[in-house]
Peer 1: 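Take this structure, written in structure tokens, and hold onto it; I'll ask about it next.
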Amino acid sequence: MNKSIINSTILLLVAGTFFVTNDAIINFLSQTDVKFYHFIFYGIPVFLCFPLYLIINGKLIENLKCSNYYPPIIRGILNIPLPLTAFVALENIKLPEFTTLNMTAPLMGTIFAIFFLKEKLNKFTYLSLFIGFIGVTFVIQPGFDTFNIFYLVTLFGVLLITITTFIVNKYNYVASNIGFFLYGGILVHMISIPLFIIDPLIVSFFEYLLIIIASIFINLAMFFATTAFRIAQKHYASVFPLVYLQVLWSSLIGIYIFNEYMNFYAYIGAFLIVISGIISLPSQIKQLKDS
């Protein structure tokens, strides 16, 4: 199998566990006085570790240089609302539901891959996406009494995430993976500073510890995911469904840590989504053979 797709697969699987852990911590903090800008502000030292390390190695300027600055800067702007959507959504819906709704990203990603990346999909990819779509429908349950308007907030965040990953894949040549990562986080961290000054909050040691842990995990997850989609190149659509496996980790955390349970139909949907992620693996193999 192509080395790039193997590496992108491993990076996405690791990033998925980090994303879910970060979401679990946000789920806890969203029930406290901590707002999204408090969370980002206290995580600034963790983010700054990356550019400081590059300064020490003398490689910061090298990684900030781009042949076209518009894609990484636009991606950074699109990242700004994501912490807000996560906090607002997790304050009003369950963690497993939040993660499962985030799994609509591969469906949106495939649409981008077909119309903008001109990728040739195969029957495994279509089957994976179809099963995933059915699974998501079971979770959302439109028209049921369980429907929550904050599902739409989550889906808006998913759309933004899909666009940012598409930008990395489409314009992978304009900047390094480190460059995409740095430009993707600079703006959102800068904006948190004035918001924190307007509404400061002294957190407890436990809350601070959780924020630091979450900051480490989300920054690593963003870096791994950015790298994965950058090196995936023409296999964007077949690699993307791997994020479906986050549903499994989220459901386990929701049950055993937060005592959050979905209803019977939602669990059927979650099961279908996990199956969809598994089916994406032969999709990748076939896409490689066809190329």
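Small disclaimer: the values here were computed from a predicted structure and weren't measured.
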Peer 1: Within the 4.5 Å heavy-atom criterion, are F36 and I26 side-chain neighbours or not?
Peer 2: no
Peer 1: Let me see the working for N22 and F39 under side chain to side chain contact (heavy atoms under 4.5 Å, CB included), right down to the final yes or no.
Peer 2: CA-CA 11 Å; N22 171 75; F39 175 81; 3.5 Å; yes
Peer 1: Could you go through residues 41-52 and list every donor-acceptor pair under 3.5 Å that involves a side-chain atom there, pairing it with any protein atom two or more places apart or in another chain?
Peer 2:
unit_1	atom_1	unit_2	atom_2	d
Y42	OH	L201	O	2.5

Peer 1: If every non-hydrogen atom of G76 is compared with every non-hydrogen atom of L187, which pair is closest and at what distance?
Peer 2: C-CD1, 4.0 Å
Peer 1: When you group the ILVMFWY residues by side-chain heavy-atom contacts below 4.5 Å and let the links chain together, are L60 and I56 in the same group?
Peer 2: no
Peer 1: Hydrophobic clusters here meaning ILVMFWY residues chained together by side-chain heavy-atom distances under 4.5 Å, can you tell me if I202 and I40 are in one?
Peer 2: yes
Peer 1: Within this structure, what is the CZ-OG distance for the pair F98 and S30, rounded to the nearest 0.5 Å?
Peer 2: 10.0 Å
Peer 1: Just list the side-chain donor-acceptor pairs under 3.5 Å for residues 212-223, sequence neighbours left out, or say none.
Peer 2:
unit_1	atom_1	unit_2	atom_2	d
S215	OG	I211	O	2.7
N219	ND2	S215	O	2.7

Peer 1: If I compare all heavy atoms of T164 with all of I161, which pair ends up nearest, and what's the gap?
Peer 2: OG1-O, 2.6 Å
Peer 1: To the nearest 0.5 Å, what is the distance between CD on E207 and OG1 on T32?
Peer 2: 5.0 Å
Peer 1: Crowded around F87 CZ? As in, over 12 foreign heavy atoms under 6.0 Å?
Peer 2: yes
Peer 1: Once you round to the nearest 0.5 Å, how far does CG of L210 lie from CZ of F205?
Peer 2: 10.0 Å
Peer 1: How close do V174 and P72 get, heavy atom to heavy atom, and via which atoms?
Peer 2: CG2-CD, 4.2 Å
Peer 1: Which atom names give the shortest non-hydrogen contact between L272 and I131, and what distance separates them?
Peer 2: O-CG2, 3.2 Å
Peer 1: So, H38 side chain and K35 main chain: donor-acceptor pair closer than 3.5 Å or not?
Peer 2: yes
Peer 1: Would T85 and T154 count as a side chain to side chain contact (heavy atoms under 4.5 Å, CB included) here? Give the steps.
Peer 2: CA-CA 6 Å; T85 60; T154 305; over 6 Å; no
Peer 1: Would you find a donor on one side and an acceptor on the other, under 3.5 Å apart, between the side chain of R75 and the backbone of F180?
Peer 2: yes
Peer 1: Does M190 belong to the same Ile/Leu/Val/Met/Phe/Trp/Tyr cluster as I197, with side-chain heavy atoms less than 4.5 Å apart forming each link?
Peer 2: yes
Peer 1: So, the side chain of N63 versus the backbone of I178: is there a donor-acceptor pair under 3.5 Å, distance only?
Peer 2: no
Peer 1: Mind checking whether L78 and I167 have side chains closer than 4.5 Å, heavy atoms only?
Peer 2: yes
Peer 1: Would you indicate whether F156, at its atom CZ, is surrounded by more than 12 heavy atoms from other residues, nucleotides or ligands within a distance under 6.0 Å?
Peer 2: no
Peer 1: Can you tell me if N68 uses its side chain to pair, donor with acceptor, with the backbone of Y70 under 3.5 Å?
Peer 2: yes
Peer 1: Could you walk me through whether F181 and S176 pass the side chain to side chain contact (heavy atoms under 4.5 Å, CB included) test, one step at a time?
Peer 2: CA-CA 9 Å; F181 169 75; S176 67; over 6 Å; no
Peer 1: Just by distance, with hydrogens left out, do D199 and Y37 show a side-chain donor and acceptor under 3.5 Å apart?
Peer 2: yes
Peer 1: Shortest non-hydrogen contact from N27 to I93?
Peer 2: OD1-O, 4.4 Å
Peer 1: How many angstroms lie between CG in L209 and CD1 in I25, if you round to the nearest 0.5 Å?
Peer 2: 8.5 Å
Peer 1: Go through the steps for I149 and L152 under the test side chain to side chain contact (heavy atoms under 4.5 Å, CB included), then give the verdict.
Peer 2: CA-CA 6 Å; I149 190 65; L152 301 181; 3.5 Å; yes
Peer 1: Which value, rounded to the nearest 0.5 Å, describes the distance between Y183 atom OH and N79 atom CG?
Peer 2: 14.5 Å
Peer 1: Within the 4.5 Å heavy-atom criterion, are N172 and N177 side-chain neighbours or not?
Peer 2: no
Peer 1: Should Y69 and I61 be regarded as members of a common hydrophobic cluster, given that ILVMFWY residues are connected when their side-chain heavy atoms come within less than 4.5 Å of each other, either directly or indirectly?
Peer 2: no
